[in-house]
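Chain letters run A, B, ... following the sequence lines, proteins first, then strands; residues in each count from 1. None of the values given here were measured: they were computed from a predicted structure. Basis for what follows: all heavy atoms, side chains included, without hydrogens, waters or symmetry-related copies.
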Number of protein chains: 2
Amino acid sequence: MSGLTSRTLRHYDDIGLLRPVRTASNGYRWYGRRELLRLQRILFLRELGVPLTQIGRILDGDRDGVAALRRHRADLVSHRDRLEEIIATVDRTIADLTGQAHLSEEEFFTGLSARRDDLRRDVEARYGAGAGEHFASADAVTGRWTREEHEQAAAQGRRLLRRLSDARSSGTAPDSAAVLDLMTEHYQGVRLLWPADAAAYHALADLVTGNPDQRAMIEEIDPLLPPWFADAIRAYAVRRLGYVPARE
Amino acid sequence: MSGLTSRTLRHYDDIGLLRPVRTASNGYRWYGRRELLRLQRILFLRELGVPLTQIGRILDGDRDGVAALRRHRADLVSHRDRLEEIIATVDRTIADLTGQAHLSEEEFFTGLSARRDDLRRDVEARYGAGAGEHFASADAVTGRWTREEHEQAAAQGRRLLRRLSDARSSGTAPDSAAVLDLMTEHYQGVRLLWPADAAAYHALADLVTGNPDQRAMIEEIDPLLPPWFADAIRAYAVRRLGYVPARE
DNA sequence: CTGGACCTTCTCGTTACGTCAACTTCTAGC
DNA sequence: GCTAGAAGTTGACGTAACGAGAAGGTCCAG
């Protein structure tokens with residue numbers, strides 16, 4: 001009924017977590033309705049990752065199961081935070097091993113580098129000569145950055161891309177609320193450099209799939225990311241910035 | 001030298017992860033410089049949570065340790081996501097057990113409820129009669145919400161408060177980048193309801209410590225949160241919205 | 001009566017060591 | 001040379017939550 005193996009039930013009997021209502025002379029364990037209800041509570045807490053011994057205490061003593069849950073929650077949170085750190089370290093290690101370190105000398109949100117002039121020509125070809133002026137605006141901001149600040153910005157950008165990649169590979173839609181929340185960071189990163197309105201930000205989507213350098217930089221983190229990222233940019237422009245796309 | 005116990009070294013010898021350079025006739029294990037270097041790599045990978053058997057394969061085969069790391073990273077990410085879900089479930093359970101369910105019928109970002117008129121009077125007393133007009137603006141938005149949407153908004157608000165509480169209790173400063181990122185969600189939640197500019201948002205900080213109902217609602221989630229939350233609001237207004245506080 | 005399904009107890013294996021216990025070896029001080 | 005103490009050694013058991021397998025008993029339908 002519960003989908004548990006008999007072995008598990010025996011284990012719970014052994015450790016005293018769930019005793020059968022009676023054990024027949026042939027050794028068979030018999031469980032009643034009360035045991036089923038208790039089992040449901042056990043399975044629920046087990047789902048939450050609470051250790052069996054604690055489950056027993058919570059169900060038996062029942063005095064202040066909330067406090068126990070709170071402590072358990074604190075454990076979970078610190079465990080998650082630790083994982084977060086470890087993931088970041090693994091990311092840095094992978095980046096090191098695959099020689100992505102040079103990227104940290106470039107600047108992310110505008111995708112600068114030695115190829116900066118290429119990007120500018122591309123932008124002007126796509127959006128008109130006026131668009132190139134934003135480069136001056138960005139320069140006004142980044143010009144005063146130290147090398148360290150450049151690297152920080154690049155690292156932050158890569159972290160964001162990796163979080164987006166995580167979302168993509170777990171099947172999350174680019175217009176889901178969770179992704180749009182992440183895109184807020186991207187939009188603000190862009191806004192830091194030049195005053196992109198909804199339409200400009202929407203147009204930016206073409207760049208991440210169409211511009212070879214931009215695309216390559218993103219693909220280095222996740223080969224499947226660029227088109228999904230472009231969708232996310234467009235979704236953010238429409239859903240959060242109120243951009244109304246032109247009808248075809 | 002490494003801080004490991006001798007037991008651990010013996011274990012690594014047993015499983016073949018780190019063999020001594022030679023074992024003397026008296027059984028003593030002797031390690032050389034090469035072993036120390038290998039140990040350093042072992043400890044690093046162990047820090048990342050890689051299982052010892054995999055560490056052995058990575059260090060020995062060395063063929064495509066990056067791929068192994070990537071797989072490990074995927075494991076970590078899904079583990080973290082699972083933890084995230086569990087934490088959310090535990091939160092809901094605690095809320096249920098402590099009878100916080102009624103809160104879901106209120107609306108979070110403006111802190112409405114039966115005490116709505118009190119809040120309005122408080123706001124008008126603090127910021128002048130004009131400020132009360134924002135209530136009409138909020139009504140225009142929320143008036144069309146279904147009950148479900150109200151509950152969703154309330155739940156999202158509580159989730160945000162809990163994430164802020166997590167940050168606070170782990171010693172993170174209210175003006176750190178990570179917290180300001182979280183505050184983006186809050187600011188956008190507020191913006192959904194009325195057009196708060198930098199100054200208005202900055203002023204809002206007084207409300208979360210000064211208004212009894214607001215304060216109580218937040219304290220129910222974390223008794224120490226209100227003043228820290230107020231600091232975070234002010235920090236966000238200054239650092240991300242460009243608000244310039246008046247000098248005293 | 002029989003085959004198969006289902007039950008039992010017992011034991012080992014899993015991870016990465018901590019913690020005894022019992023014993024040997026090395027080293028410093030007298 | 002003797003001795004105490006520090007440090008090394010090899011087992012063996014315990015940890016959490018069961019899975020897997022061995023060896024055997026019980027129940028039921030045909």
Side-chain angles (χ1 to χ4, degrees), chain A residues 1-32 35-36 38-60 68-69 71-76 78-79 82-83 86 90, chain B residues 1-32 35-36 38-60 68-69 71-72 75-76 78-79 82-83 86 90:
Chain A
M1 291 172 68
S2 60
L4 291 181
T5 66
S6 58
R7 177 69 180 88
T8 301
L9 288 177
R10 277 195 285 279
H11 182 57
Y12 290 173
D13 189 4
D14 285 348
I15 65 176
L17 183 57
L18 181 70
R19 305 273 192 205
V21 62
R22 78 185 193 90
T23 308
S25 62
N26 57 13
Y28 283 26
R29 291 169 176 77
W30 295 91
Y31 298 88
E35 285 69 34
L36 253 175
R38 185 179 167 93
L39 180 56
Q40 277 182 5
R41 302 181 62 191
I42 291 173
L43 292 181
F44 172 69
L45 289 170
R46 195 183 67 163
E47 265 296 300
L48 303 184
V50 182
L52 296 187
T53 53
Q54 265 203 40
I55 293 180
R57 275 201 290 273
I58 293 177
L59 293 189
D60 290 337
L69 265 188
R71 280 195 302 275
H72 179 57
R73 191 194 115 90
D75 288 347
L76 290 174
S78 68
H79 191 166
R82 172 114 177 89
L83 274 182
I86 291 176
V90 172
Chain B
M1 290 172 67
S2 60
L4 291 182
T5 66
S6 58
R7 178 68 181 90
T8 300
L9 287 177
R10 276 195 287 279
H11 182 57
Y12 291 172
D13 188 4
D14 287 347
I15 64 177
L17 182 58
L18 181 70
R19 306 270 193 208
V21 62
R22 79 184 193 89
T23 307
S25 62
N26 57 11
Y28 282 27
R29 291 168 176 76
W30 296 92
Y31 298 88
E35 285 69 34
L36 252 176
R38 185 179 167 94
L39 180 56
Q40 277 182 5
R41 301 182 63 191
I42 291 173
L43 293 180
F44 172 68
L45 289 170
R46 194 183 68 161
E47 265 294 300
L48 303 184
V50 182
L52 295 186
T53 54
Q54 265 204 43
I55 293 180
R57 276 203 290 275
I58 292 177
L59 293 189
D60 290 337
L69 264 189
R71 279 195 303 276
H72 179 58
D75 288 346
L76 291 174
S78 66
H79 192 164
R82 172 115 176 88
L83 274 182
I86 291 176
V90 172

Using atom [atom1] of [X] as one end and atom [atom2] of [N] as the other, report the distance to the nearest whole Å.
X	N	atom1	atom2	result
His11(A)	dC12(C)	NE2	P	17 Å
Leu4(A)	dC6(C)	CG	P	16 Å
Leu9(B)	dC17(C)	CG	C1'	12 Å
Leu43(A)	dA17(D)	CG	C1'	14 Å
Gln54(A)	dT15(D)	CD	C1'	16 Å
Trp30(B)	dG8(D)	CH2	P	9 Å
Arg46(A)	dA17(D)	CZ	P	10 Å
Arg7(A)	dG13(C)	CZ	P	15 Å

Task: Option among His11(B), Glu35(B), Arg41(B), Arg29(B) that satisfies the side-chain contact (heavy atoms from CB on, under 4.5 Å) test with Leu18(B) - done: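 The passing option is Glu35(B).
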
Task: Heavy-atom side-chain contact between Tyr31(A) and Leu39(A) under 4.5 Å - done: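 A side-chain contact under 4.5 Å is absent here.
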
Open item on the list: Counting C-beta onward and ignoring hydrogens, is there a side-chain heavy-atom pair between Leu45(B) and His72(B) closer than 4.5 Å?
Closed with: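 They are not in side-chain contact.
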
Minimum-distance nucleotide (side-chain atoms of [X] versus [options]):
X	options	answer
Leu52(B)	dT25(C), dC18(D), dC17(C)	dC17(C)
Tyr28(B)	dG18(C), dA7(D), dT26(D)	dA7(D)
Thr5(A)	dC18(D), dG18(C), dG19(D)	dG19(D)

Open item on the list: At 4.0 Å (heavy atoms only), tell me whether Arg29(A) reaches a base, stays on the sugar-phosphate, or touches nothing.
Closed with: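 Sugar-phosphate: the residue Arg29(A), judged by heavy atoms under 4.0 Å, touches backbone atoms but no base.
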
TODO: Using a heavy-atom cut-off of under 4.0 Å over every strand shown, decide if Arg10(B) touches base, sugar-phosphate, or nothing.
DONE: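 If one applies the 4.0 Å heavy-atom cut-off, Arg10(B) turns out to touch a base.
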
Task: N or O in side chain of Thr8(A) less than 4.0 angstrom from dG19(D) OP1/OP2 - done: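 Answer is yes, contact under 4.0 Å.
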
Open item on the list: Checking Arg10(A) against Ser6(A): is there a side-chain donor and acceptor pair closer than 3.5 Å?
Closed with: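 Their side chains do contain a donor-acceptor pair, which is all the 3.5 Å distance test asks for.
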
- [ ] Enter the distance from Arg19(B):CZ to Arg38(B):CZ here, rounded to the nearest 0.5 Å.
- [x]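 Result: 9.5 Å between the selected atoms.
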
TODO: Using heavy atoms to find the nearest nucleotide of DNA chain D for Thr23(B) and Asn26(A) separately, return the residue whose nucleotide is more 5′.
DONE: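 Nearer the 5' end of the strand: Thr23(B).
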
